[in-house]
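Quick notes on the structure that follows.
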Amino acid sequence: MAYDPNNQALRLPKRHASPIAEKPDPEFGRRLEAAQSLRNAVTVSMIVLIVFTLLWLLLTSVGGRVFPWFALLLGPPLGFAVRLAGKGLDWRFPAVAASFAALGTVIGNVVISAAYTASELEAGIATVLSRTTSMTWPVFFDEVMTGADYVYALFSAGMAAYFATRRLTRRQYYALRAWQDRNRAAGG
């Protein structure tokens, strides 16, 4: 029997390793890189943060109790929004998403605490928030924010960062690599 170097033990087709028919186009990679927008990512992060905080406040007000685990639900939509609006390919976009997710968890807790304080004082949420002083914040972070809130913020930030990076097809990835290689060769 002759030796066959392409012999497959299970005789499964190699669909995942098909060669690319054409050479990657560096111009296509340049367009992918140019489509990134950090400003769009930050803008959509702010919008998602505001909508999420209002939704969390509404759920807490209607339910009559605080749902601290709701902070975990901020990460995935924020990450997807950054992915769609920012079209990011590098580390800046997951960093933006993670930062806004962690910040959103803290802001959500502040707004919910202000809502409960406002109902006890028979005042508005804006009034309570505007009357905070530098002495209010240490008390808030000592008494209201628990270790679980920080863990929820961390996991929400991790999920947002995971979902924030743009997913590329094989053709897009090779075109981007060809563009980056051409830039490295031209630069040095």
Side-chain angles (χ1 to χ4, degrees), residues 13-60 67-112 114 129 137 141 145 148-188:
K14 293 184 180 180
R15 292 185 193 157
H16 65 281
S18 61
I20 295 178
E22 73 246 8
K23 291 188 85 171
D25 181 19
E27 183 60 27
F28 184 56
R30 185 199 62 76
R31 287 194 310 267
L32 284 172
E33 196 171 84
Q36 299 182 102
S37 175
L38 194 60
R39 182 174 8 133
N40 288 352
V42 170
T43 304
V44 79
S45 295
M46 287 185 205
I47 292 169
V48 169
L49 188 77
I50 291 168
V51 169
F52 179 80
T53 302
L54 292 176
L55 185 65
W56 194 4
L57 179 62
L58 178 69
L59 181 68
T60 301
F67 301 102
W69 52 265
F70 200 70
L72 291 172
L73 301 179
L74 173 60
L78 182 64
F80 282 122
V82 168
R83 179 193 297 182
L84 291 175
K87 297 180 178 151
L89 300 169
D90 57 8
W91 62 270
R92 298 174 299 165
F93 296 90
V96 165
S99 300
F100 273 95
L103 181 68
T105 302
V106 173
I107 288 173
N109 281 316
V110 167
V111 170
I112 289 170
L129 288 174
W137 296 112
F141 284 106
M145 293 288 288
D149 291 320
Y150 294 114
V151 171
Y152 291 146
L154 181 69
F155 276 96
S156 182
M159 287 187 286
Y162 175 76
F163 290 116
T165 306
R166 185 175 180 182
R167 306 296 189 245
L168 299 176
T169 64
R170 179 180 282 192
R171 180 175 168 255
Q172 291 171 332
Y173 176 76
Y174 284 131
L176 182 65
R177 288 292 302 265
W179 167 250
Q180 291 170 343
D181 289 344
R182 181 197 283 178
N183 280 347
R184 276 191 218 109

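The chain is numbered in sequence order, starting from 1. Since we're looking at a predicted model, the values are computed, not measured.
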If I compare all heavy atoms of [X] with all of [Y], which pair ends up nearest, and what's the gap?
| X | Y | result |
| --- | --- | --- |
| Ala164 | Phe93 | CB-O, 3.8 Å |
| Leu168 | Gln172 | CA-OE1, 3.3 Å |
| Leu74 | Thr105 | CD2-N, 4.1 Å |
| Ala157 | Ala101 | CA-CB, 3.7 Å |
| Leu129 | Ala114 | CD2-CB, 3.7 Å |
| Gly75 | Ser156 | N-OG, 3.1 Å |

Quick one: [atom1] on [X] to [atom2] on [Y], what's the gap to the nearest 0.5 Å?
| X | Y | atom1 | atom2 | value |
| --- | --- | --- | --- | --- |
| Asp25 | Leu176 | CG | CG | 12.0 Å |
| Leu32 | Tyr173 | CG | OH | 13.0 Å |
| Leu72 | Leu154 | CG | CG | 10.5 Å |
| Arg171 | Thr169 | CZ | OG1 | 7.0 Å |

Check the side chains of Tyr174 and Arg170 for a donor-acceptor pair under 3.5 angstrom, ignoring hydrogens and angles. no
Which atom pairs, donor and acceptor, lie under 3.5 Å between side-chain atoms of residues 80-89 and protein residues at least two apart or in another chain?
from: Arg83; atom 1: NE; to: Phe163; atom 2: O; distance (Å): 3.1
from: Arg83; atom 1: NE; to: Thr165; atom 2: O; distance (Å): 3.3
from: Arg83; atom 1: NH2; to: Phe163; atom 2: O; distance (Å): 3.4

Do any side-chain atoms of residues 43-56 form donor-acceptor pairs under 3.5 angstrom with protein atoms, and if so which ones, sequence neighbours left out?
from: Thr43; atom 1: OG1; to: Arg39; atom 2: O; distance (Å): 2.8
from: Ser45; atom 1: OG; to: Ala41; atom 2: O; distance (Å): 2.7
from: Thr53; atom 1: OG1; to: Leu49; atom 2: O; distance (Å): 2.8
from: Trp56; atom 1: NE1; to: Phe67; atom 2: O; distance (Å): 3.1

Take a 6.0 Å sphere around CZ of Phe141 and say whether it holds more than 12 heavy atoms from other residues, nucleotides or ligands. yes
More than 12 heavy atoms of other residues, nucleotides or ligands under 6.0 Å from CZ of Phe28: is that the case? yes
Does this structure show an ion pair linking Arg30 with Glu33, if we count only N-O contacts that are shorter than 4.0 Å? no
